[in-house]
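Note: hydrogens, waters and symmetry copies are ignored here, and every other heavy atom, side chains too, is used. Index from 1, following the sequence.
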Amino acid sequence: MLRAVLFDFDGLILDTETPEVQILREMFADFGQEFPDEYWIQALGRGADRLLDPPMVFLQKMCGRTLDCDALEKERRRQTEALIDLEPVRPGIRELLLEIRQRKLLAGIASSSMHSWVEGHLKRLGLFEVFDKIVCADDVQNAKPAPDLYLKLIQELGVGPEECFALEDSPNGIKGAKVAGLRVVAVETPLSRRLDLSEADAKLPSLAGMGSDQLWELVSNH
């Protein structure tokens, strides 16, 4: 029996990833470099502590000379956050959350970002109060693709992995959920639709028009 729906945050609820890659491409181009696809592919869904190099350090290595990485990182964050603040909630999210509340199911978030980031945006979007539990990178030792976030979330919600499913948008997030024993619906984003999401139990181009029963049936019939 379905008791809870587990959500990723970045990419799934709010498209924070497209603006981030857009700004990185522009900043790398300012230094005559092309921001490589392999960087954002390995970064998507991971915690910041699990990246090979911070993006401005990566740019410095590509340039082969010393850059003011701290100043560049500050500017990157400023430009990225300005774009993200213009992003709406992704299609189908509000409707799904309303249905979950009406059915008295539990809703939780497992995010590789920090609480300050996730909760700040949820409050701005009017969605903070909808979630029963929010588990973030600052709550666990290892962010995605490790299973720690999802294991802690289902523990705090008081449900078993067989009583819920996860909604994810990246291979790293899918892997973390699967290792935690969860069924997963992959929801494509403008970036992640180019990636291999085949580890998920089901894949959708959008959550628009999807209810919890429909999603549960998708993963239950896999």
Side-chain angles (χ1 to χ4, degrees), residues 4-22 40 43-48 80-103 105-139 143-145 149-150 152-154 156-157 164-174 176-177 180 182-193 195 197 200 202-212 214-216 218-219:
V5 181
L6 315 181
F7 293 74
D8 176 43
F9 178 72
D10 291 284
L12 184 88
I13 293 175
L14 183 68
D15 188 359
T16 60
E17 296 162 348
T18 302
E20 184 164 17
V21 171
Q22 177 184 330
W40 67 259
L44 213 63
R46 285 180 182 262
T80 301
E81 289 171 13
L83 282 185
I84 291 171
D85 284 343
L86 300 175
E87 286 287 326
V89 179
R90 294 204 67 219
I93 291 290
R94 289 190 189 277
E95 295 81 0
L96 178 58
L97 286 168
L98 177 61
E99 187 238 18
I100 288 169
R101 173 167 280 188
Q102 289 172 341
R103 293 190 58 200
L105 300 175
L106 299 170
I109 288 179
S111 173
S112 288
S113 293
M114 307 295 275
H115 271 284
S116 57
W117 174 260
V118 174
E119 294 178 5
H121 281 294
L122 288 174
K123 289 172 183 176
R124 176 178 66 82
L125 297 167
L127 295 177
F128 178 69
E129 302 296 335
V130 178
F131 291 95
D132 298 283
K133 294 290 181 181
I134 298 171
V135 176
C136 294
D138 32 347
D139 295 319
K144 301 169 189 175
L149 287 162
Y150 279 111
K152 184 172 179 63
L153 180 57
I154 60 175
E156 293 198 357
L157 287 172
C164 53
F165 64 89
L167 295 167
E168 273 288 351
D169 72 300
S170 72
N172 286 316
I174 293 166
L182 295 164
R183 286 172 275 194
V184 186
V185 177
V187 184
E188 296 175 331
T189 69
L191 288 178
S192 72
R193 68 169 54 108
L195 307 182
L197 304 176
K203 183 172 70 172
L204 294 171
S206 167
L207 283 173
M210 298 299 295
S212 55
Q214 290 170 284
L215 295 166
W216 183 238
L218 280 176
V219 294

**Prompt:** Who passes side-chain hydrogen bond (donor to acceptor under 3.5 Å, both in side chains) against W117, sequence neighbours left out?
**Reply:** D10
**Request:** Kindly determine whether T18 and T189 satisfy side-chain contact (heavy atoms from CB on, under 4.5 Å), including the steps that lead there.
**Result:** CA-CA 9 Å; T18 302; T189 69; 5.7 Å; no
**Fill in**
Sequence neighbours excluded, the answer for side-chain hydrogen bond (donor to acceptor under 3.5 Å, both in side chains) partners of D132 is none
**Message:** Tell me every residue that passes side-chain hydrogen bond (donor to acceptor under 3.5 Å, both in side chains) with E156, counting only those two or more places apart in sequence or in another chain.
**Reply:** K152
**Prompt:** Can you tell me how far OG of S113 sits from CG of L14, rounded to the nearest 0.5 angstrom?
**Reply:** 10.0 Å
**Prompt:** Do R90 side-chain atoms and G11 backbone N/O form a donor-acceptor pair below 3.5 Å?
**Reply:** yes
**Item:** Flag side-chain contact, heavy atom, 4.5 Å: M114 against C136
**Value:** no
**Prompt:** Counting N and O atoms only, with roles assigned by atom type, does the side chain of S170 sit under 3.5 Å from a partner on the main chain of G173, one being a donor and the other an acceptor?
**Reply:** yes
**Item:** Nearest heavy atoms of G176 and Y150, plus distance in Å
**Value:** C-CD1, 4.0 Å
**Message:** Would you compute the distance between atom CH2 of W40 and atom CD of E20 and round it to the nearest 0.5 angstrom?
**Reply:** 12.0 Å
**Prompt:** Taking the side chain as C-beta and beyond, is there a heavy-atom pair between L149 and S111 under 4.5 Å?
**Reply:** no
**Asked** Is there any side-chain hydrogen bond (donor to acceptor under 3.5 Å, both in side chains) pair reaching into residues 203-212, and which pairs are they, with sequence neighbours excluded?
**Response** E99-S212, R103-S212
**Asked** L96 and F7: side-chain contact (heavy atoms from CB on, under 4.5 Å), yes or no, with the steps?
**Response** CA-CA 11 Å; L96 178 58; F7 293 74; 3.9 Å; yes
**Message:** Salt bridge check, K144 against D8: does any charged N sit closer than 4.0 Å to a carboxylate O?
**Reply:** yes
**Request:** Let me see the working for L197 and E168 under side-chain contact (heavy atoms from CB on, under 4.5 Å), right down to the final yes or no.
**Result:** CA-CA 9 Å; L197 304 176; E168 273 288 351; over 6 Å; no
For residues 121-131, tabulate all N or O donor-acceptor pairs below 3.5 Å that involve a side-chain atom, not counting sequence neighbours.
| from | atom 1 | to | atom 2 | distance (Å) |
| --- | --- | --- | --- | --- |
| H121 | ND1 | R124 | NE | 3.4 |
| H121 | ND1 | R124 | NH2 | 3.1 |
| R124 | NH1 | D85 | O | 3.3 |

**Request:** Evaluate the criterion side-chain contact (heavy atoms from CB on, under 4.5 Å) for residue pair F165 and V184; output intermediate values, then yes/no.
**Result:** CA-CA 6 Å; F165 64 89; V184 186; over 6 Å; no
**Fill in**
On a heavy-atom basis, the closest approach of L97 and A107 is CD2-CB, 4.3 Å
**Message:** Let me confirm one number: the CD1-CG distance from I109 to L167, rounded to the nearest 0.5 Å.
**Reply:** 11.0 Å
**Validation row: T16, E87 side chains within 4.5 angstrom (heavy atoms)** = no
**Message:** The criterion is side-chain contact (heavy atoms from CB on, under 4.5 Å); which residues satisfy it with Q214, sequence neighbours excluded?
**Reply:** M210
**Message:** So, taking the atom named CG in L207 and the one named CG in L12, what distance separates them when rounded to the nearest 0.5 Å?
**Reply:** 6.0 Å
**Prompt:** What's the spacing between E119 CD and I134 CD1 if we round to 0.5 Å?
**Reply:** 5.0 Å
**Prompt:** How long is the span from the CD1 atom in I84 to the CG atom in D15, to the nearest 0.5 Å?
**Reply:** 8.5 Å
**Request:** Compare every heavy atom of C164 with every heavy atom of L6, then report the nearest pair and how far apart it is.
**Result:** CD1-SG, 3.9 Å
